[in-house]
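Written out below as structure tokens is the structure these notes cover.
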Amino acid sequence: MNTKIWIVDKYVDNLENNPQVVEAARFLQENEVVALPTETVYGLGGNAESDEAVEKIFAAKGRPSDNPLIIHIADKNQINAFVTELPKKAEILMERFWPGPLTIIFKKKDGVLSEKATAGLDTVAVRMPDHPVAIALLKKCGLPIAAPSANSSGKPSPTNAQHVVEDLNGKIAGVLDGGPTGVGVESTVLDCTEEIPIILRPGGITKEQLETVIGEVHLDAALSDEASKPKAPGMKYQHYAPNAPLFLVNGSREFLRRLIEEKQNEGLRVGVLATEESVEYYHGDVTIACGKRSELESVATALYETLRNFNQEKVDIIFSEMFPNTGVGHAIMNRLQKAAGNKIIHE
Ligand code: TXA
Ligand code: MG
């Protein structure tokens with residue numbers, strides 16, 4: 001299949017009638033799948049009401065069929081069609097954080113969405129992306145759009161259109177290139193079907209931000225305890241993995257320097273994920289400053305691209321600094337731990 005690339009300037013007016021957006025919207029209506037930019041990562045969109053379209057999403061990504069998709073909407077009223085109830089706390093959160101990187105899980109109304117999109121669950125995950133191109137596309141096609149991250153299953157999520165092309169060229173109908181995404185890590189997934197909402201996946205909206213608005217929020221036990229079964233089916237899979245084994249290093253810069261030297265002495269090509277503050281200290285074969293530690297948002301923005309760069313550089317092993325587990329650091333550490341398959345070296 002020939003994958004079309006549509007380049008769209010997200011700053012122009014009247015995006016809904018931009019010819020590229022119009023064509024991509026028509027593809028979606030014809031149950032083809034297209035990648036689209038969001039504020040978090042690129043998504044691979046398809047008509048959420050169509051089994052045919054949803055099957056194409058799973059096939060292109062090589063995604064296990066038990067892992068449900070997030071439904072993207074452009075207008076809050078759209079959810080009434082496929083949700084049975086709208087809890088008060090969810091309503092408050094939608095008001096405060098939509099459009100934005102917060103996915104909310106609701107009880108599902110049967111018979112509207114493809115059962116394959118929700119992996120047969122009785123709940124549905126919904127979000128409104130904060131990106132002008134995504135919103136224009138959603139409005140133009142007039143459909144709820146199922147969209148997982150537009151990477152091959154297991155790979156780091158795409159934060160620009162080139163990453164999507166690397167993974168999915170020839171497997172999807174098109175890519176709307178709206179430039180690099182901003183947040184860099186995926187949305188926070190919050191289960192609002194319980195009285196006290198539960199974070200199933202940490203992401204762009206932090207626990208602290210949620211608690212300021214609705215009070216107590218729980219964390220799914222699986223986020224801190226490997227033996228627990230995650231409530232979000234996708235959280236049980238290894239994910240975001242670079243090609244070379246990745247180790248998180250819990251210790252001083254001196255300790256990390258010694259680890260790098262040891263491996264270089266063994267003849268390995270060593271990659272190091274550092275920050276702007278620390279990059280000068282390390283002499284890996286490939287040392288990358290992944291944002292600024294003093295601004296964790298910048299680390300989130302750069303994270304997946306950094307992991308992909310280590311693949312391009314063909315390193316044999318990667319060491320990464322660790323980050324505090326608060327604010328957006330929680331999402332960064334969650335993704336790094338998954339990428340590392342939980343391999344941590346303590347000083
Ligand atoms: O920022 C994002 O959320 C991006 C952009 C493209 O919107 N999307 C994304 O989708 O990260 P995906 O498919 O890569 O991750 C969706 C996560 C998975 O862990 C999945 O298991 C979980 O959400 N999920 C979806 N529906 C669910 C449900 N009904 N109950 C529990 N977890 C659900
Ligand atoms: Mg994903």
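Every number for a ligand or one of its atoms is a count from 1 in the order of the listing. Just so it is clear, the structure is predicted and the values come from calculations on it, not from any experiment.
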Notebook entry, point to check: Using heavy atoms and a threshold below 4.0 Å, how should the contact between Arg63 and ligand 1 be classified: side chain, backbone, both, or neither?
Noted result: side chain

Notebook entry, point to check: What number of protein N, O or S atoms occur at distances under 2.8 Å from the Mg ion (ligand 2)?
Noted result: 1

Item checked: Under 3.5 Å: N/O of Pro148 near N/O of ligand 1 -> no

Notebook entry, point to check: Does a side-chain heavy-atom distance below 4.5 Å link Gln20 with Asp9?
Noted result: no

Note to self: Side-chain heavy atoms nearer than 4.5 Å, only ILVMFWY residues, links allowed to pass through others: does that put Val328 and Val41 together?
What the structure shows: yes

Check: Should Trp98 and Val83 be counted in the same cluster of Ile, Leu, Val, Met, Phe, Trp and Tyr side chains packed under 4.5 Å apart?
Finding: yes

Note to self: Could you tell me if the side chain of Val126 sits less than 4.5 Å from the side chain of Thr103, heavy atoms only?
What the structure shows: no

Next item on the list: Please report the closest heavy-atom contact between Lys89 and Glu195, naming both atoms and the distance.
Entry: NZ-O, 2.9 Å

Item checked: For Leu121, atoms of ligand 1 separated by under 4.0 Å from a heavy atom -> 28 (C), 29 (N), 30 (N)

Notebook entry, point to check: Under a heavy-atom criterion of less than 4.0 Å, does Pro233 contact ligand 1?
Noted result: yes

Check: Would you say Thr123 and ligand 1 have an N/O pair spaced under 3.5 Å apart?
Finding: yes

Check: Numbering the atoms of ligand 1 from 1, which are under 4.0 Å from a heavy atom of Leu200?
Finding: 31 (C)

Checklist line | Transitive ILVMFWY side-chain link Val12 to Trp6, under 4.5 Å | finding: yes

Checklist line | Minimum-distance protein heavy atom relative to atom 19 (O) of ligand 1 | finding: Gly234 CA, 3.4 Å

Margin query: Below a 4.0 angstrom heavy-atom separation, can you tell me which part of Pro68, side chain or backbone, both or neither, approaches ligand 1?
Written below: both

Next item on the list: Identify the heavy atoms of Pro233 and Leu121 that sit nearest to each other, and give their distance.
Entry: CG-CD1, 4.4 Å

Checklist line | Worked check of side-chain contact (heavy atoms from CB on, under 4.5 Å) between Tyr237 and Asp66 | finding: CA-CA 11 Å; Tyr237 294 106; Asp66 70 343; 2.6 Å; yes

Margin query: Check this for me, if you would: do Arg257 and Glu261 make a salt bridge, where the nitrogen-to-carboxylate-oxygen distance has to be below 4.0 angstrom?
Written below: no

Margin query: What I want to know is whether Arg127 and ligand 1 share at least one N or O pair that is separated by under 3.5 angstrom.
Written below: yes

Check: After noting the C-alpha distance and the side-chain angles of Asp122 and Lys108, does the key distance pass the side-chain contact (heavy atoms from CB on, under 4.5 Å) rule?
Finding: CA-CA 5 Å; Asp122 54 9; Lys108 186 184 75 175; 5.5 Å; no

Notebook entry, point to check: Of all the non-hydrogen atoms in the protein, which one sits nearest to atom 23 (O) of ligand 1, and at what distance?
Noted result: Val189 CG2, 3.9 Å

Checklist line | atom 22 (C) of ligand 1 - nearest protein heavy atom and its distance | finding: Ala232 CB, 4.0 Å

Check: If you group Ile, Leu, Val, Met, Phe, Trp and Tyr by side-chain heavy-atom gaps below 4.5 Å, do Leu307 and Val299 land in one group?
Finding: yes

Notebook entry, point to check: Who's the nearest protein heavy-atom neighbour of atom 28 (C) of ligand 1, and how far?
Noted result: Ile105 CD1, 3.5 Å

Check: Is it true that Val279 and Val249 fall in one hydrophobic cluster, defined by side-chain heavy atoms closer than 4.5 Å?
Finding: no

Margin query: Regarding ligand 1, does Thr40 bring an N or O atom to under 3.5 Å of one of the ligand's N or O atoms?
Written below: yes

Next item on the list: Measure the shortest side-chain to side-chain distance between Phe323 and Arg293 over non-hydrogen atoms and say whether it is less than 4.5 angstrom.
Entry: yes

Notebook entry, point to check: Which ligand 1 atoms are under 4.0 Å away from a heavy-atom of Ser149?
Noted result: 8 (N), 9 (C), 10 (O), 12 (P), 14 (O)

Check: Given that the side chain starts at C-beta and the backbone is N, CA, C, O, which of these parts of Thr118 lies under 4.0 Å from ligand 1, counting heavy atoms, or is it both or neither?
Finding: neither

Next item on the list: Within a distance under 4.0 Å of any heavy atom of Lys231, pick out the atoms of ligand 1 and give their elements.
Entry: 31 (C)

Item checked: Donor + acceptor pair across side chains of Ser157, Glu186 (<3.5 Å) -> yes

Item checked: Student check: side-chain heavy atoms of Leu28 and Asn47 closer than 4.5 Å -> no

Next item on the list: Give the atoms of ligand 1, by number and element, whose distance to some non-hydrogen atom of Asn67 is under 4.0 Å.
Entry: 18 (C), 20 (C), 21 (O)

Note to self: Measuring only between side-chain heavy atoms, which start at C-beta, is Pro148 closer than 4.5 Å to Ile70?
What the structure shows: no

Next item on the list: Answer yes or no for Lys109 and Phe82: cation-pi contact, defined as NZ/CZ to six-membered ring centre under 6.0 Å and angle to ring axis within 45°.
Entry: no

Notebook entry, point to check: Arg201 to ligand 1: N or O pair under 3.5 Å?
Noted result: yes

Check: Which protein non-hydrogen atom lies closest to atom 16 (C) of ligand 1, naming both residue and atom, and how far is it?
Finding: Ile70 CD1, 3.6 Å

Item checked: Per atom 8 (N) of ligand 1, closest listed option by heavy atom (Ala147, Ser187, Gly43) -> Ala147

Next item on the list: Go through ligand 1 atom by atom and flag the ones less than 4.0 Å from a non-hydrogen atom of Ala125.
Entry: 25 (C), 26 (N), 27 (C)

Item checked: Protein heavy atom at shortest distance from atom 7 (O) of ligand 1 -> His72 NE2, 2.7 Å

